[in-house]
There are 2 protein chains.
Amino acid sequence: MTPFALNDFLPYRLAVAASRVSRAFERRYMAEAGLSVSEWRVLAHLSQESEVSVREIQARVDMEKSKVSRAATRLEEQGLITKVVNQTDRRLVSLSLTQKGHEVMEKLIPLANRFNADLQRILGPESKAFHASLDRLLNE
Amino acid sequence: MTPFALNDFLPYRLAVAASRVSRAFERRYMAEAGLSVSEWRVLAHLSQESEVSVREIQARVDMEKSKVSRAATRLEEQGLITKVVNQTDRRLVSLSLTQKGHEVMEKLIPLANRFNADLQRILGPESKAFHASLDRLLNE
DNA sequence: TTGACTTCATTGCAAATGCAATGAATATTT
DNA sequence: AAATATTCATTGCATTTGCAATGAAGTCAA
């Protein structure tokens, strides 16, 4: 049989690393806030730009539009964001953080930044090169 | 609002890279073989060691046991593997490739190796360092 | 302006997932 | 040996997902 080493197979290693890291983040910080990673992504984007449409988030946050839409619905149910039909183009739905949403993010962002810093520390001096490699994979 | 840059957040970047790479692999090669990534993982492990239990695969291939179990069921339905109760320990189920399973892998493995080589090429000389960083993330 | 296209967001549906619970088989303890 | 605990694979259930289909709103061209 032609040899094959799953352990050197990049798609596999990448998938395992990604899911472990995401899961750790989710369990450590998101779970107690009652948030999933999908919801976190939407919130994260909204904390940078306010009044964003589903479509825009879909592109910037790299999620299927239906995934964004449903995450937004759940976030609205939790009172963290608001969905309003855009009045200049009524196809669009403007999402924005509520007061409560801001408060939640005010707590979560420092945790996320710390979590990220921990990862950078684990990577050590290679951290920068690692990011550069991710860039190459993402832009190919 | 405390600043947060999703684009520098490693869990996010890793997740995006992993899902794009896996998806590309799945669509380019697995789809036409009628296989999902989960099923591929199981097959990949079976091509290295024959007669392996679900539990063993679960550990080596980093998948939930129910996921392994269901992937195995689907593979059996496709005639690619065999499930037999282990006679020395009847709790275990021994999975192994059928003749057809071997044939399929004989075709897929070269494709997978090529796909992997392409990725290494994209990464260029940093490729080795990238793998080393993945190791660090996985062993922390 | 009317009609054909395109762009948005949501939803229906089938499939996949994670987790807990089940039940069967083996190990361990008393 | 009997009772208890552990290990293993599967399954039930609720949830999430991806994709296609829908319908509403806007754009463009004749």
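When the C1' atom of D:dT7 is taken as reference, atom CD1 of B:Ile57 falls 17 Å away, rounded to whole Å. Distance CD (B:Glu64) to P (D:dC8): 15 Å, rounded to an integer number of Å. The separation between A:Asn86 atom CG and C:dC8 atom P is 12 Å, rounded to whole Å. Nucleotide D:dT16 holds its C1' atom 11 Å from the CD atom of A:Glu26, rounded to whole Å. Rounded to whole Å, atom C1' of D:dT17 lies 15 Å from atom CD of A:Gln58. Rounding to whole angstrom units, CG of residue B:Leu95 and C1' of D:dA9 are separated by 10 Å. A:Leu92 has its CG atom 17 Å from the P atom of D:dA24, to the nearest Å. For the pair A:Arg74 CZ and C:dT11 P, the interatomic distance rounds to 13 Å; values are reported in whole Å.
Between C:dT10 and A:Ser69, a contact under 4.0 Å exists linking OP1 or OP2 to a side-chain N or O. Considering only side-chain N and O atoms, B:Arg23 lies under 4.0 angstrom from the phosphate OP1 or OP2 of D:dC19. In this structure, B:Arg91 does not reach the D:dA9 phosphate: none of its side-chain N or O atoms is under 4.0 Å from OP1 or OP2. Distances shorter than 4.0 Å separate none of the side-chain N or O atoms of A:Lys83 from OP1 or OP2 on C:dA9. The side chain of B:Lys65 contributes no N or O atom lying less than 4.0 Å from OP1 or OP2 of C:dC19. Side-chain nitrogen and oxygen atoms of B:Arg90 include at least one within less than 4.0 Å of the OP1 or OP2 phosphate oxygen of C:dA25. The phosphate of C:dC19 (OP1 or OP2) has no side-chain N or O of B:Ser66 nearer than 4.0 angstrom.
Nucleic acid contact class of B:Ser53 (heavy atoms, under 4.0 Å, all strands): sugar-phosphate only. Counting any heavy atom pair closer than 4.0 Å across all strands shown, A:Ser38 reaches sugar-phosphate atoms only and no base atom.
In terms of modelled atom types and a separation under 3.5 Å, the side chain of B:Thr98 and the main chain of B:Gly79 share a donor-acceptor contact. Of the possible polar contacts, none joining the A:Ser50 side chain to the A:Leu46 backbone as a donor-acceptor pair under 3.5 Å is found.
Side chain A:Arg70 to base C:dG12: a donor-acceptor pair is found below 3.5 Å.
Checked against D:dT10, C:dA9, C:dA25, the side chain of B:Asp89 finds its nearest nucleotide in C:dA25.
Taking the nucleotide of DNA chain D with the nearest heavy atom to each of A:Gln87 and A:Lys67, the more 5' of the two is matched to A:Lys67.
Look at B:Asp8 and B:Arg13 and you find no salt bridge, because none of the NZ, NE, NH1 or NH2 atoms lies under 4.0 Å from a carboxylate O.
When hydrophobic clusters are built by joining Ile, Leu, Val, Met, Phe, Trp and Tyr residues whose side-chain heavy atoms come closer than 4.5 Å, directly or via intermediates, B:Val61 is grouped together with B:Phe115.
Around CZ of B:Arg55, the count of heavy atoms belonging to other residues, nucleotides or ligands within 6.0 Å does not exceed 12.
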